[in-house]
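Notes follow the structure.
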Amino acid sequence: MLKFILPTLLSLSFPTAKAQLVSDSLLIEGHQRVFVYDKSVRVKPGASLIFLMHGSGGEPMGFAPRAAKLQARAEAENLVLVYPAGYKKYWNECRKASTAIANKENLNEEAFFSAMIEFFFDKYKINKAHVFATGFSGGGHMSYKLALTMPGKIKAISAIVANMPTDENMDCTPMNVPLPVMITNGTADETNPYNGGEVKTAGVTLGTVRATDMSFQYWAKLDGYSGAPVKSMMPDNDKANDITVEKYAYQTKGKPEVTLLKVINGKHEFFSDFDIFEETWAFFKRQM
């Protein structure tokens, strides 16, 4: 069962001059699920929709400013950005070991995201074939879940500082549908270890994840690729740090693109060398 709740205008600062972020919610199987979007954006019918998901322990209003540059371009790009909230700050994603209440109570995330798609179709007449998902850390894991369990409603995903769970830590049933995927991971990340292992974060147990190359190859194999990806270097836009970004891409006409941004010396954080959400939108646009 879902129920629409009247929106609440949030009087909080946001780095886009005319942005008016509002909080709204849907009642999903007895749980009130919250999401935030910019009320001021005017889009045309057929707009694309992106879900941008905070990390474990986060919330939408603290996360939304990270996408300020893309939010400022939303009207020009005919784009609706939506910042969903995890249940009590966490997602019920695919990590079986998660001790978050969302996982323990097995919150129906697919129903929540499906309901949000319908909400924004009713409100803006979005293009349901152009619905995308991205997220940071736990939000990246939620992106993986959407790609695994509801690929018929999600066009492509971008997972940021997140590796796929190991087989023994996987409690989602993949539909095994090819999908465009971009992964962005830092080689010095001690929370989401680049080479796989236990995810270490305060307040919750999350179990083990695969190495980045294994996560990358999971999607490459599913999407029909073999052999080595094409390697290139992204521009070094912040020469004050010791970070460089290697790009590895499988990109063939007629197949979904699979891309890895390997952030050399990158930690569990947003990177100053590029704007991840603008890079993510460029990736998504290539899949349309």
Side-chain angles (χ1 to χ4, degrees), residues 1-5 7 21-38 43 47-56 58-61 63-64 67 79-95 98 100-103 105-160 162 164-165 170-177 179-182 277 280-281 284 287:
M1 176 182 178
L2 62 88
K3 180 181 178 182
F4 294 102
I5 309 296
L21 293 184
V22 294
S23 175
D24 214 328
S25 60
L26 297 162
L27 192 62
I28 308 293
E29 297 182 355
H31 298 281
Q32 184 171 301
R33 302 301 304 271
V34 175
F35 55 96
V36 168
Y37 65 99
D38 183 358
V43 293
S48 299
L49 174 68
I50 303 181
F51 295 118
L52 301 96
M53 291 166 283
H54 63 75
S56 300
E59 45 77 33
M61 286 306 303
F63 184 68
L79 181 61
V80 177
L81 304 185
V82 180
Y83 309 90
Y87 182 68
K88 298 188 177 181
K89 298 189 175 184
Y90 289 86
W91 304 100
N92 178 24
E93 18 95 345
C94 293
R95 289 179 286 190
S98 172
I101 191 169
N103 187 59
E105 295 188 5
N106 196 25
L107 269 286
N108 191 338
E109 301 288 17
E110 288 89 350
F112 177 37
F113 282 84
S114 294
M116 285 190 289
I117 292 171
E118 292 304 320
F119 177 94
F120 286 100
F121 177 75
D122 290 343
K123 187 173 184 65
Y124 294 122
K125 295 296 181 287
I126 62 158
N127 183 346
K128 290 185 182 180
H130 290 167
V131 177
F132 305 93
T134 184
F136 179 91
S137 191
H141 279 274
M142 190 61 230
S143 299
Y144 284 137
K145 179 171 187 171
L146 296 178
L148 292 168
T149 66
M150 49 185 293
K153 295 184 178 181
I154 301 297
K155 178 73 173 178
I157 69 162
S158 169
I160 307 162
M164 292 273 290
M170 172 71 78
D171 68 355
C172 291
T173 302
M175 293 184 68
N176 297 318
V177 174
L179 208 72
V181 172
M182 185 169 83
F277 293 117
T280 287
W281 176 231
F284 288 162
Q287 317 313 316

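Computed over heavy atoms, backbone and side chain alike; hydrogens, waters and symmetry mates excluded.
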Next item on the list: Working to the nearest 0.5 Å, report the span between CG of Asp38 and OH of Tyr83.
Entry: 7.5 Å
Check: Taking C-beta and beyond as the side chain, do Val131 and Lys153 meet within less than 4.5 Å on heavy atoms?
Finding: no
Next item on the list: Go through the steps for Ile157 and Phe51 under the test side chain to side chain contact (heavy atoms under 4.5 Å, CB included), then give the verdict.
Entry: CA-CA 9 Å; Ile157 69 162; Phe51 295 118; over 6 Å; no
Margin query: Could you check whether any side-chain heavy atom of Leu79 comes within less than 4.5 Å of a side-chain heavy atom of Trp281, counting everything from C-beta outward?
Written below: yes
Next item on the list: Evaluate the side-chain proximity of Glu109 to Met150: yes if any heavy-atom separation is below 4.5 Å, no if none is.
Entry: no
Notebook entry, point to check: Can you find a pair of side-chain heavy atoms, one from Phe63 and one from Leu52, that are under 4.5 Å apart?
Noted result: yes
Check: Between CZ of Phe35 and CZ of Phe119, what distance do you get to the nearest 0.5 Å?
Finding: 4.0 Å
Note to self: If you define the side chain from C-beta out and look only at heavy atoms, does anything of Met53 sit under 4.5 Å from Leu146?
What the structure shows: yes
Checklist line | N/O donor-acceptor pair under 3.5 Å between Tyr87 side chain and Glu105 backbone | finding: no
Notebook entry, point to check: Is the side chain of Trp91 donor-acceptor paired with the backbone N or O of His54 at a distance under 3.5 Å, no angle test?
Noted result: yes
Checklist line | Nearest non-hydrogen partners of Ser143 and Gly135, listed with the distance | finding: OG-N, 3.3 Å
Check: For the residue pair Gly140 and Ala159, what are the closest heavy atoms and their distance?
Finding: O-CB, 3.9 Å
Notebook entry, point to check: Where is the tightest heavy-atom contact between Pro174 and Cys172, given as atom of each residue plus distance?
Noted result: CD-O, 3.2 Å
Next item on the list: Using a cut-off of 6.0 Å, state whether more than 12 heavy atoms not belonging to Lys89 lie near its atom NZ.
Entry: no
Checklist line | Over all atoms of both residues, closest heavy-atom pair of Asn103 and Arg95 | finding: ND2-O, 3.8 Å
Note to self: If I take atom CD1 from residue Ile126 and atom CD from residue Glu118, how far apart are they, to the nearest 0.5 angstrom?
What the structure shows: 8.0 Å
Check: Can you find a pair of side-chain heavy atoms, one from His141 and one from Pro165, that are under 4.5 Å apart?
Finding: yes
Item checked: Evaluation steps, side chain to side chain contact (heavy atoms under 4.5 Å, CB included), between Met116 and Leu49 -> CA-CA 10 Å; Met116 285 190 289; Leu49 174 68; over 6 Å; no
Item checked: Closest contact, heavy atoms only, Ala156 versus Leu179 -> CA-CG, 4.3 Å
Check: Within 45° of the six-membered ring axis of Phe284 and under 6.0 Å from that ring's centre, is NZ or CZ of Lys155 located there?
Finding: no
Next item on the list: State, with a plain yes or no, whether a side-chain heavy atom of Tyr90 is found less than 4.5 Å away from one of Ile101.
Entry: no
Checklist line | Rounded distance [0.5 Å steps], CE in Met142 versus CG in Asn92 | finding: 7.5 Å
Check: Checking Lys123 against Phe121: charged group under 6.0 Å from the ring centre and within 45 degrees of the axis?
Finding: no
Next item on the list: Enter the distance from Ser56:OG to Phe136:CZ here, rounded to the nearest 0.5 Å.
Entry: 10.0 Å
Check: Is it true that Phe120 and Tyr37 have ring centroids separated by less than 6.0 Å?
Finding: yes
Margin query: Could you check whether any side-chain heavy atom of Phe132 comes within less than 4.5 Å of a side-chain heavy atom of Ser158, counting everything from C-beta outward?
Written below: no
Notebook entry, point to check: To the nearest 0.5 Å, what is the distance between CD1 (Ile154) and CG (Leu148)?
Noted result: 11.5 Å
Notebook entry, point to check: What's the shortest heavy-atom distance between Ala162 and Tyr144, and which atoms?
Noted result: O-OH, 2.8 Å
